[in-house]
Every structure is written in structure tokens, then in C-alpha cells.
Amino acid sequence: MDTVWENRDLILDGFAMTVRLFAVSGLLALVAGTLLAIMRVGPIPPVRWAASTYVTVLRNTPLTLVFVFSTFGLPRLEVRLEFVTFAIVALTAYTSAFVCEAVRAGINSVAAGEIEAARALGLSFRQVLTLVVLPQAFRAIVPPLTGVFNALLKNTSVAVAFNVAEANAIYRRLQNLDGSATIPLLLTLAGGYVVLAAVLFGASRLVERRVAAVR
């Protein structure tokens with residue numbers, strides 16, 4: 001455990017980067033995924049097809065390939081960013097496809113009669129979505145969204161292959177310096193991810209209780 005204790009600041013910095021990747025990518029994916037879901041249920045066929053194609057392609061593409069395109073493909077298109085930003089772009093693009101499907105399922109769970117009643121009152125498509133559909137949809141999708149974001153938390157470890165110093169990268173660096181500390185480092189890494197996941201699920205349950213109270 002000496003290696004773990006002596007490098008505690010480095011390990012904490014690694015987990016801080018993991019949390020940063022998760023928080024920024026999760027927020028952006030939530031926004032992008034919601035917009036994609038709205039496009040998929042919208043009244044304009046080309047917009048629906050475009051969103052459907054995006055979601056189908058991203059959901060069936062390995063995350064590593066998305067990282068490769070983001071890190072090595074975008075620079076060829078004259079997009080110059082830091083590796084951390086490329087990692088956020090890749091995680092956001094990949095996760096938004098799964099968020100879209102969760103939100104779309106929530107939208108489809110809203111009773112058709114409520115939507116028809118809102119339209120009968122003269123509400124526009126945007127008003128029906130924002131005032132009637134999306135509030136109910138988000139109440140219904142807290143558990144599946146938690147699963148999507150838990151996957152995102154673990155997917156941040158892929159960034160280690162693209163020079164981003166998140167928790168897994170710090171583990172590999174220290175393990176290369178001191179092979180005898182492999183087990184303590186692995187236990188520390190696993191423990192860190194368990195703590196982060198516990199925080200995520202705790203927040204999810206808090207949101208679920210508040211949603212139940214609103215109902």
C-alpha cells in the first residue's frame with residue numbers, strides 16, 4: 001500500500017479527471033440526446049431519418065472507433081483540440097445516442113390522449129413537447145438514464161488509450177513503475193469506481209423519490 005499512499009495526490013488527480021470527463025460528457029449527452037429524441041418524434045421526415053441514422057450508427061459502433069475518429073479523424077478536418085476535449089467529444093457523441101433512445105421511450109410512454117387533448121387546446125408542437133410530454137417522459141426514464149450514465153462512467157476509462165490522464169491511466173503508469181503494487185493499485189482503482197457509482201445511484205434514487213413525491 002506504500003505506492004498507493006505515496007502517490008495519493010496523483011491518484012486523486014486521476015479520479016478528478018474521470019469525474020470531469022463524466023460530468024461534462026454526461027451533461028452534453030443529456031442535451032444532445034434529448035434534441036435527437038425530439039427530432040426522432042418530430043413531424044418532418046428528413047429530420048427524423050437524420051436522427052435515426054445517427055443513433056443507429058453510433059449505437060452499433062464500438063466506442064474505441066468513435067475515439068479514434070475523434071482523436072485522429074477530426075485533426076485531418078482541421079479541428080485542433082486538446083486530447084481531453086477530443087475525449088469529451090467522443091463520449092458525448094456515443095452516449096447521446098443511448099440517451100436519445102431512453103428519452104424517446106419516455107416520450108412514447110405518454111398517453112396519446114393527453115397529447116391529443118393538448119393539441120385540441122391549440123398548443124403548438126413545441127408547447128406540447130415542453131409543457132406536456134417531456135416533463136412526464138423524464139419522470140419515467142430516471143432508472144434507464146441511470147444505467148446509461150453508469151455505462152458512461154465506466155467508458156471514461158477508454159480515454160486512457162488516447163493520452164488522457166484519468167484514473168485508469170494513473171493506475172497503469174504507477175503499475176509500470178512498481179509491479180509489486182499491482183494488487184493494491186487495482187483495489188484502489190476498483191474502490192474509486194465503486195464510490196463514484198454509489199454516488200451516481202444515490203443521486204438517482206433521490207431524484208426518483210422527488211419525482212414520486214411530485215406525482
Side-chain angles (χ1 to χ4, degrees), residues 19-61 63 66 69-70 73-74 77 79 81 85-153 155-156 199-215:
V19 172
R20 177 185 172 191
L21 289 174
F22 169 76
V24 177
S25 302
L27 179 61
L28 294 176
L30 182 61
V31 174
T34 302
L35 292 176
L36 284 168
I38 292 172
M39 291 169 64
R40 293 202 66 181
V41 301
I44 306 175
V47 173
R48 289 203 305 269
W49 299 334
S52 178
T53 300
Y54 175 90
V55 171
T56 300
V57 170
L58 267 294
R59 290 189 70 193
N60 293 285
T61 300
L63 177 58
V66 180
F69 176 79
S70 174
L74 291 180
L77 300 175
V79 179
L81 301 170
T85 308
F86 279 132
I88 290 173
V89 169
L91 289 169
T92 299
Y94 186 77
T95 307
S96 63
F98 293 88
V99 171
C100 169
E101 290 306 274
V103 175
R104 191 167 71 96
I107 291 174
N108 290 336
S109 70
V110 178
E114 294 189 34
I115 298 174
E116 293 300 327
R119 288 174 178 168
L121 292 174
L123 298 183
S124 64
F125 175 73
R126 181 181 62 82
Q127 290 173 317
V128 171
L129 269 176
T130 57
L131 299 177
V132 178
V133 177
L134 286 180
Q136 296 187 65
F138 276 106
R139 289 172 193 156
I141 62 173
V142 174
L145 268 186
T146 302
V148 171
F149 287 130
N150 187 43
L152 169 62
L153 177 62
N155 286 339
T156 56
V199 172
L200 174 63
F201 281 106
S204 170
R205 288 177 182 174
L206 180 62
V207 172
E208 279 189 88
R209 282 200 293 268
R210 293 197 173 186
V211 167
V214 171
R215 284 175 177 171

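As the structure is a computational prediction, the values presented were derived from the model and not from experiment.
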*Asks:* With sequence neighbours left out, write down each residue that passes side chain to side chain donor-acceptor pair (under 3.5 Å) with S96, or none if nothing qualifies.
*Replies:* Y54
*Asks:* What residue pairs, at least two apart or across chains, pass ring-ring contact (aromatic ring centres under 6.0 Å, His included) with a residue in residues 87-128?
*Replies:* Y94-F98
*Asks:* Is the side chain of T156 donor-acceptor paired with the backbone N or O of L153 at a distance under 3.5 Å, no angle test?
*Replies:* yes
*Asks:* Side chains of residues 111-119: which donor-acceptor partners sit under 3.5 Å, not counting sequence neighbours?
*Replies:*
from : atom 1 : to   : atom 2 : distance (Å)
E114 : OE1    : Q136 : NE2    : 2.7
E116 : OE2    : R119 : NH1    : 3.3

*Asks:* Would you be so kind as to tabulate the donor-acceptor pairs closer than 3.5 Å made by side chains of residues 45-52, with sequence neighbours excluded?
*Replies:*
from : atom 1 : to  : atom 2 : distance (Å)
R48  : NH1    : G42 : O      : 2.9
S52  : OG     : R40 : NH2    : 3.4

*Asks:* Using the salt bridge (charged side-chain N to carboxylate O under 4.0 Å, His left out) criterion, which residues pair with R20? Sequence neighbours excluded.
*Replies:* none
*Asks:* Can you see which heavy atom on I141 is nearest to which on G106, and at what distance?
*Replies:* CG2-CA, 3.5 Å
*Asks:* Can you sort out the partners of F86 under ring-ring contact (aromatic ring centres under 6.0 Å, His included), two or more places apart, ordered by chain and number?
*Replies:* none
*Asks:* Tell me, please, which residues at least two apart from A87 pass side-chain contact (heavy atoms from CB on, under 4.5 Å).
*Replies:* L21, F67, A159, V164
*Asks:* What I'd like to find out is whether the side chain of V103 reaches to under 4.5 Å of the side chain of L36, using heavy atoms alone.
*Replies:* no
*Asks:* Mind checking what makes side chain to side chain donor-acceptor pair (under 3.5 Å) contact with T34, not counting sequence neighbours?
*Replies:* none
*Asks:* If you define the side chain from C-beta out and look only at heavy atoms, does anything of S25 sit under 4.5 Å from L152?
*Replies:* yes
*Asks:* With rounding to the nearest 0.5 angstrom, report the CG to CG distance, L30 to L35.
*Replies:* 9.5 Å
*Asks:* Taking the side chain as everything from C-beta on, heavy atoms only, tell me whether F22 gets closer than 4.5 Å to L200.
*Replies:* yes
*Asks:* Among residues at least two apart in sequence or on other chains, which ones pass side chain to side chain donor-acceptor pair (under 3.5 Å) with R205?
*Replies:* none
*Asks:* Looking at every non-hydrogen atom in both residues, tell me the closest pair between L145 and A102 and how far apart they are.
*Replies:* CD2-CB, 4.1 Å
*Asks:* Which pairs count as side chain to side chain donor-acceptor pair (under 3.5 Å) when at least one residue sits in residues 120-130, sequence neighbours excluded?
*Replies:* S124-Q127
*Asks:* List in chain and number order the residues that pass side-chain contact (heavy atoms from CB on, under 4.5 Å) with L28, two or more places apart in sequence or in another chain; answer none if no residue qualifies.
*Replies:* V24, I88, T92
*Asks:* Give, for atom CD1 of I107 and atom CG of L129, the distance between the pair rounded to the nearest 0.5 Å.
*Replies:* 6.0 Å
